[in-house]
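Only heavy atoms go into these numbers, but all of them, side chains included; no hydrogens, no water, no symmetry mates. A, B, ... follow the sequence lines: proteins, then strands. Residue 1 opens every chain.
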Amino acid sequence: MLRKTKFITKYNYGNEVVDLDEYVVAFSDSCYLNCEYCYLKFSKTPKLPVIYQNFNKFESELKELLSLSKEKIFYFNFGETTDTLLSEQHFNCLYDSVLLISNLAKKFNKLCFIEIRTKTKNIYKLSKPFIFQNVYTIYATTLSPQEVVNNFEPNTASTKDRIESIKYANQLGMLTGLRFEPIILYPVEGIFYKNVVDSVENVVKSYKLLINEIFQKVNVKNLHSVTLSCLRLTKKQFKYLLDKKSVLCHFEMLLCQDKKYRYSRPIRVTIYRQLIEHIKKVSPELNNRILLSFEFKYIWESCGLKLQTLPQLGYNYAT
Amino acid sequence: MENKILHLIFSSDKIHLTQSQKNFIKETYEILSIFDKNVDKLFLQNFNQITETAKNKFHAGNFFYKNIYKLRYPVSWQKLAKLKKFKKYNFEFDEKSLSENLSEIDIILNQL
């Protein structure tokens, strides 16, 4: 299949949401992992995963971007429209794309970061080292407590496997991105105030255990960034999930200015603050590498985070 | 198809609800039912108590709607009630835009 629209687009975060300044590369569309909260089911994507064949179109868009833009550092997300490591075809296309980005980045004197976002453990099927000039690849695995994986991400790798796979990605030469997204208020203890407080406490507790496990196993030196984001649902998704009586449709979700449902602010900020504090405690060197995804400026500030973008984190790697 | 309890409430001549209030109540019923099997009882109990004591069907409608709102948003309704004195009616704003006591606002906006 040929891609008719652009391969490379600046990510549109939505009204008032902090822009992390990343480019989405849609080398493939759709996914069969079928996570319950996935927005791809509601976007105009093919039902079955496709890899676009018109690589030359990608090449010319990339050339144009890197040659005309004044930016020195670019952050490309390969895992927004599909799971980056979904199949062997995905690996091959990814490899070719990274190679091309490296060649053009060298030519135009740019530094590029490429996010490989996955919920699989397919990284083990890669054997070639991922070390390229002017390019850093970031193995950004999405991490949730196993209970969340069991209930909402049925066809994905276990939490344990995802953590283990980080070590292998590092061996291939990739940096690590820890993606605590989406943070889901689950299990729900009940519908009253105390139940909500208990649910939040339990979620925070299970994420703290998860963070402890990760930092025992993962080499912090390879960590590029940590992102946190609570579940958000479009109006369409909310309605669809409500019809399906999904527990993702939490009663304490409110419509925000970007027209997405999120848990009410006291819940979100309580979760973020406690997890940020815990990450800083476990690994103080990550102090300036924690970001919120799809959140508003005032939420970052309420959590004591300095606003920064993904390319800005790249200055630590620029020589 | 409308649930029995909702049908009983919406068709009662003891209570007046606007269409948007009915929609909200219906949606709340559907959401809360996912998490609690006793939502029928809760709704009926609320309805009976209110219709017994309210001055008229309009008062009954408003009280009932408010009670359902409190059930739907067990955290937010309390917090939003406290925010009203700052003339703010939702959580999504920069608190630094207010010249009030920030620690008091922080408790409302950012803590459970």
Checklist entry - Are A:Phe251 and B:Pro74 side-chain neighbours, meaning at least one heavy-atom pair lies under 4.5 Å? => result yes
Next on the checklist: Quick check on the structure: residues of residues 189-201 of chain A within a heavy-atom distance below 4.5 Å of chain B, by number.
Outcome noted: A:Ile191, A:Phe192, A:Tyr193, A:Val196, A:Val197, A:Val200
Item to check | Neighbour count above 12 (heavy atom, 6.0 Å) for B:Lys14 NZ | outcome: no
Next on the checklist: In the structure I gave you, are the side-chain heavy atoms of A:Phe238 and B:Ile31 within less than 4.5 Å of one another anywhere?
Outcome noted: yes
Checklist entry - At what distance, to the nearest 0.5 angstrom, does NZ of B:Lys96 lie from OG of A:Ser302? => result 7.5 Å
Next on the checklist: Take a 6.0 Å sphere around CD of A:Glu213 and say whether it holds more than 12 heavy atoms from other residues, nucleotides or ligands.
Outcome noted: yes
Below 3.5 Å, can you tabulate the donor-acceptor pairs from side chains in residues 33-40 of chain B to any protein atom, sequence neighbours excluded?
from: B:Ser33; atom 1: OG; to: B:Tyr29; atom 2: O; distance (Å): 2.5
from: B:Asp36; atom 1: OD1; to: B:Asn38; atom 2: N; distance (Å): 2.7
from: B:Asp40; atom 1: OD1; to: B:Tyr29; atom 2: OH; distance (Å): 2.2

Item to check | CA sep, side-chain torsions, deciding dist, call: B:Tyr73, A:Ser264, side-chain contact (heavy atoms from CB on, under 4.5 Å) | outcome: CA-CA 9 Å; B:Tyr73 301 114; A:Ser264 59; over 6 Å; no
Item to check | Any residue of residues 11-19 of chain A which, by heavy atoms, sits under 4.5 Å from chain B | outcome: none
Checklist entry - At a heavy-atom separation under 4.5 Å, does B:Ile107 approach chain A through its side chain, its backbone, both, or neither? => result neither
Checklist entry - Once you round to the nearest 0.5 Å, how far does CZ of A:Arg265 lie from CG of B:Asn110? => result 4.5 Å
Checklist outcome for this item: Okay, A:Arg262 and chain B: the region with an atom under 4.5 Å from a heavy atom over there is neither
Next on the checklist: At a 4.5 Å cut-off on heavy atoms, which part of B:Lys70 comes close to chain A: side chain, backbone, both, or neither?
Outcome noted: neither
Next on the checklist: Enumerate the salt bridge (Lys or Arg N to Asp or Glu O under 4.0 Å) contacts for residues 228-244 of chain A, please, sequence neighbours excluded, ordered by first and then second residue.
Outcome noted: A:Lys239-A:Asp243
Checklist entry - Are A:Thr270 and B:Gln111 linked by a side-chain donor-acceptor pair shorter than 3.5 Å? => result no
Checklist entry - Between B:Asn90 and chain A, which part of the residue has a heavy atom less than 4.5 Å away: side chain, backbone, both or neither? => result neither
Checklist outcome for this item: Given A:Arg273, A:Arg268, A:His250, A:Glu252, the one with more heavy-atom pairs under 4.5 angstrom with chain B than any other is A:Glu252
Item to check | Under-4.0 Å salt bridge between A:Lys245 and B:Glu30 | outcome: no
